[in-house]
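The figures here come from the full heavy-atom set of this structure, side chains too, leaving out hydrogens, waters and symmetry mates. Everything numeric in this text was worked out from a predicted model, so none of it was measured.
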Amino acid sequence: MFTRIYILRFPKDIVDQPIICQLVKQFDVEFNILKATILPQHEGVMILELRGHRENIKKGLSYLKGLDVKAESVATSIHRDDQRCFQCGACTGICPTGALSLKRPEMAVIFDAEKCSGCGLCVSVCPVKAMEVSQDRISGFSETVFEVH
């Protein structure tokens with residue numbers, strides 16, 4: 001499974017259409033709406049987490065592009081402070097992609113960045129706050145993204 005977060009900007013003439021539902025129906029892509037401002041006769045803005053097979057997500061993004069929906073990837077990355085981490089493994093039980101796992105018999109926590117979706121669930125369960133999520137590239141993103149023009 002592939003997971004990424006996107007900022008979507010919908011032209012005001014299509015905000016009343018069930019576009020996101022089509023991602024599920026046509027492309028077998030799951031979604032999680034993280035934040036949205038969709039009003040009639042205004043540009044719609046949505047932060048959306050998409051999950052599915054990489055090829056299906058690519059096809060879904062192509063579908064959105066065909067509707068003039070602008071999709072910008074929000075690249076996140078997880079960092080671990082190895083000085084703080086005491087290898088408790090709490091993060092491995094909550095990681096939905098298997099990016100964090102236990103190496104046995106050493107019981108060392110292994111992090112595979114290629115599998116990481118940047119969801120941040122590990123950050124919330126780390127008892128010593130050794131896990132940190134950062135936004136690598138959010139060009140022009142701020143709370144003003146959600147102002148209605």
Quick check against the 3.5 Å criterion: does [X] have a side-chain atom that pairs as donor or acceptor with the backbone of [Y]?
X    : Y    : value
N56  : F27  : yes
Q87  : V109 : yes
S101 : G98  : no

Treating Ile, Leu, Val, Met, Phe, Trp and Tyr as nodes and any side-chain heavy-atom pair under 4.5 angstrom as an edge, say whether [X] and [Y] lie in one connected cluster.
X    : Y    : answer
V125 : F86  : no
I78  : L121 : no
V24  : L67  : yes
V123 : V128 : no
L50  : I38  : yes

Could you tell me the separation between the [atom1] atom of [X] and the [atom2] atom of [Y], rounded to the nearest 0.5 Å?
X   : Y    : atom1 : atom2 : answer
C85 : M131 : SG    : CE    : 7.5 Å
F31 : C21  : CZ    : SG    : 5.5 Å
Y63 : Q22  : OH    : CD    : 4.5 Å
I57 : S62  : CD1   : OG    : 13.5 Å
T92 : K103 : OG1   : NZ    : 15.0 Å
K70 : R9   : NZ    : CZ    : 9.0 Å

So which atom in [X] and which in [Y] form the shortest heavy-atom distance, rounded to 0.1 Å?
X    : Y   : answer
E43  : K12 : N-CB, 3.8 Å
L100 : C91 : CD1-CB, 3.7 Å
A71  : L61 : CB-CD2, 4.0 Å
L102 : G89 : CD2-CA, 4.2 Å

Intermediate values then yes/no, side-chain contact (heavy atoms from CB on, under 4.5 Å), L64 and Y6
CA-CA 12 Å; L64 292 173; Y6 296 91; over 6 Å; no
Does the side chain of E49 come within less than 4.5 Å of T3's, by heavy atoms?
yes
Under 6.0 Å from the CD atom of Q83, do we count more than 12 heavy atoms belonging to anything else shown?
no
Looking at K58, I want to see if its NZ is surrounded by more than 12 non-hydrogen atoms of other residues, nucleotides or ligands under 6.0 Å.
no
Set out, in order, the CA-CA distance, both residues' side-chain angles and the distance that settles side-chain contact (heavy atoms from CB on, under 4.5 Å) for V45 and L8, then state yes or no.
CA-CA 6 Å; V45 178; L8 304 179; over 6 Å; no
Step by step, work out the side-chain contact (heavy atoms from CB on, under 4.5 Å) result for I5 and I47.
CA-CA 7 Å; I5 298 172; I47 298 180; 3.7 Å; yes
Indicate yes or no: does R84 engage D82 in a salt bridge with an N to O separation below 4.0 Å.
no
Evaluation steps, side-chain contact (heavy atoms from CB on, under 4.5 Å), between I14 and D68:
CA-CA 9 Å; I14 64 168; D68 290 328; 5.8 Å; no
